[in-house]
Number of protein chains: 2
Amino acid sequence: MATIYQVSELAGVSLATVSRVINNTVPVREATRLKVEAAMQELGYRPNSVAQSLASNRSNSIGIVVSELGGPFYGELLSRIENEFRAAGKHVIIAAGHSNADLERDSIEFLRSRNCDALILHVEAVDDAYLVELAESGLPFVLINRMVAGIEERCITLDNEQGGYLATEYMLQQGHRDIAYISGPLWKHDAQERYNGHQKALAKFGIGENKALFYEGDFQETGGVNGFNHLREQGHTFTALVCANDEMASGAITAVHEAGLDIPEQVAVIGFDNINFSHYTHPKLTTIDYPVAEIGQMAARWVLKRVYQRPIEDLQALFIPQLIVRDST
Amino acid sequence: MATIYQVSELAGVSLATVSRVINNTVPVREATRLKVEAAMQELGYRPNSVAQSLASNRSNSIGIVVSELGGPFYGELLSRIENEFRAAGKHVIIAAGHSNADLERDSIEFLRSRNCDALILHVEAVDDAYLVELAESGLPFVLINRMVAGIEERCITLDNEQGGYLATEYMLQQGHRDIAYISGPLWKHDAQERYNGHQKALAKFGIGENKALFYEGDFQETGGVNGFNHLREQGHTFTALVCANDEMASGAITAVHEAGLDIPEQVAVIGFDNINFSHYTHPKLTTIDYPVAEIGQMAARWVLKRVYQRPIEDLQALFIPQLIVRDST
DNA sequence: TTGTATGCGTTATCAG
DNA sequence: CTGATAACGCATACAA
């Protein structure tokens, strides 16, 4: 790979001048610029961004940590973020945290050591203190789907409790009174919040908690299958099933079918997230919309504004979930 | 962030020695090592990998280019690759090519300028010549799902033609004779190959091509919807529908339902890829399995072996697709 | 407008 | 086994 030095030699100018036309920071005489550009062209020169990064302490790259690279939710999120940054000439470096505190910390440290200008984090396992400390270290970052006291201005969240509330409230309004709930792992903030919303809705209708109608799943499809089967075995009948995400709802739907029951006639099912295959299910899944794309875009804009000083007006920090009624309720 | 220099000062050794304990390249006296480690600990030192990369011309990071970050196919692929590398202490930098030659080239250049030790490419738009040239430049890379003459040893592919053949052959064996085909964009290698397989199967059964039973889609769900509707309008009836991927098959299934037809009684449908939500459809989708996970893992191993000299034995270059029979046929 | 010199944080090549 | 010291490729004050 050609270096800036070779370019300067070929163009008959100093190395500094080449750097100037590359970054077009200070004015360069037109003739000189042309000479340099010709030389770059001829040598097929591409700046070494590692060296640029080391010298300037800026990398034009943004680090992203998500729990998993696969799955419809993260795919959509990553896709949107990458799009937004590519349009701005920035690049993303992605790492997976696998919902594990060590791996999450690891990923963050890795990205920081790669000189990322900013981070976008969807982390679930590291504790609040770590994040607050991270903020104090001066590293700019946004937190997605999690509200941490002390760094509220860096948090972009969905009102998960409200979403959980909406789902159950809808079931109640439809006349259901025996409502089962398949939760995500309760140590995850969003799972806990969604469940809180569920309880709140029940309380509003004067319905007490029934442990036999609760199952703590894993946010995966199998969690939905196991959840439904487990709930049936408890012996307490129910006519509605609220699932804390669409994957589990899909699993539950399969299990309901296998149990020979009809949806929604015998069991109504609702999910959460509105991931893009939620209408592939049969019947099409009623769910709570999680505006992933908007949130991803907002996180990217936060960075563009705060770190790269782009003129961006409306930064929205809290998103409100919406009920999407389809055929499973 | 603490630098290696500060560590050396605190430990009372030279900067070079610190570097040695970090990389434990040449032996260091135990006492010295302990002093240095203590100093690193105290300062919370983390090596700056940008500087490491610049100095060593090695980055321990692998660049990956895929068409999209979202979607079940790429999600699974990325996830698997990242897993494999993380276990080996390597990291991935991901860029999207969006099936566009300029963006693909751009992504590749970006990754190369980030000093990636190797690249894993799932590119569709850049031409063979570019890739051959890239290989000659000395950059190690593997190509996924594409066979390019001259650099066969860097290609890891699925036998797409065989897959296309299997799908249609199965329909024929089931007694279908009027078989419609919804293809991917034919400029994409895999789409073309799958279609070739389809034609081959037809030919084997002595059935000629019928333009009215062909539709060129976009590999997206909507392509399946539009495809089915278009095919019906052609007036030529068919009892089987072969789709070049599962997304289009899902769309087609929806369209078939909306047309008031039963699957598989009136129209049998088969997909391709066996992406993980293909059993969420109703009825569950018969399809051709694309072993994404294995292929992703193989690509990662190729790099570990060839670039990092890890002792890995079995590198498989060609994968054979398999028919997965479910309920849609 | 352009050139010179220095530094960014490491690795690597030499001597000791 | 350890310590100077020169790269690595580029950005950037400072001069000119």
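Since we're looking at a predicted model, the values are computed, not measured.
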Colleague: Determine whether the side chains of B:Asn145 and B:Asn160 contain a donor N or O and an acceptor N or O closer than 3.5 Å.
Modeller: yes
Colleague: Assess whether side chain to side chain contact (heavy atoms under 4.5 Å, CB included) is satisfied between A:Arg306 and A:Leu315, documenting all intermediate values.
Modeller: CA-CA 10 Å; A:Arg306 294 284 158 70; A:Leu315 286 185; 3.7 Å; yes
Colleague: Would you kindly check if the NZ (Lys) or CZ (Arg) of A:Lys90 is within the cone defined by 45 degrees around the ring axis of A:Tyr308 and under 6.0 Å from the six-membered ring centre?
Modeller: yes
Colleague: Name the first nucleotide and the last nucleotide along DNA chain C (5' to 3') that come under 4.0 Å of a heavy atom in chain B.
Modeller: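 From 5' to 3', the first and last contacting nucleotides are C:dG9 to C:dT13.
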Colleague: Would you say the side chains of B:Ser107 and A:Arg86 form a donor-acceptor pair under 3.5 Å?
Modeller: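 On atom types as modelled, these side chains qualify, holding a pair under 3.5 Å.
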Colleague: Based on the rotation axes of five pairs at each end, what angle does the helix from C:dT1-D:dA16 to C:dG16-D:dC1 bend through, to 10°?
Modeller: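 The angle separating the two end axes equals 40°.
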Colleague: Among A:Ile64, A:Ile120, A:Ile93, exactly one meets side chain to side chain contact (heavy atoms under 4.5 Å, CB included) together with A:Leu111. Which residue is that?
Modeller: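 Only one of A:Ile64, A:Ile120, A:Ile93 forms a side chain to side chain contact (heavy atoms under 4.5 Å, CB included) with A:Leu111, namely A:Ile93.
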Colleague: Judged by atom type as modelled, is there a donor-acceptor pair below 3.5 Å linking the side chain of A:Ser59 to the main-chain atoms of A:Asn115?
Modeller: yes
Colleague: Going 5' to 3' through nucleotides 6-16 of chain D, assign each nucleotide B (protein heavy atom under 4.0 Å from a base atom), S (under 4.0 Å only from sugar-phosphate atoms) or - (no protein heavy atom that close).
Modeller: --BBBBBB---
Colleague: Within the side chain of B:Glu104, is there an N or O that forms a donor-acceptor pair under 3.5 Å with the backbone of B:Val126?
Modeller: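 Yes; judged by distance alone, with no hydrogens or angles, the pair exists.
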Colleague: For the pair A:Arg105 and A:Glu109, find out whether any cationic side-chain nitrogen is under 4.0 Å from an anionic carboxylate oxygen.
Modeller: no
Colleague: Is a donor from one side chain sitting under 3.5 angstrom from an acceptor on the other, for A:Ser137 and A:Arg112?
Modeller: yes
Colleague: Assign the ring pair A:Phe110 / B:His91 to parallel, tilted or perpendicular, where the plane angle (0 to 90°) is split at 30° and 60°.
Modeller: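 Parallel, since the angle between the ring planes stays under 30°.
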Colleague: Think B:Thr32 has a side-chain N or O under 4.0 angstrom from the OP1 or OP2 of D:dT2?
Modeller: yes
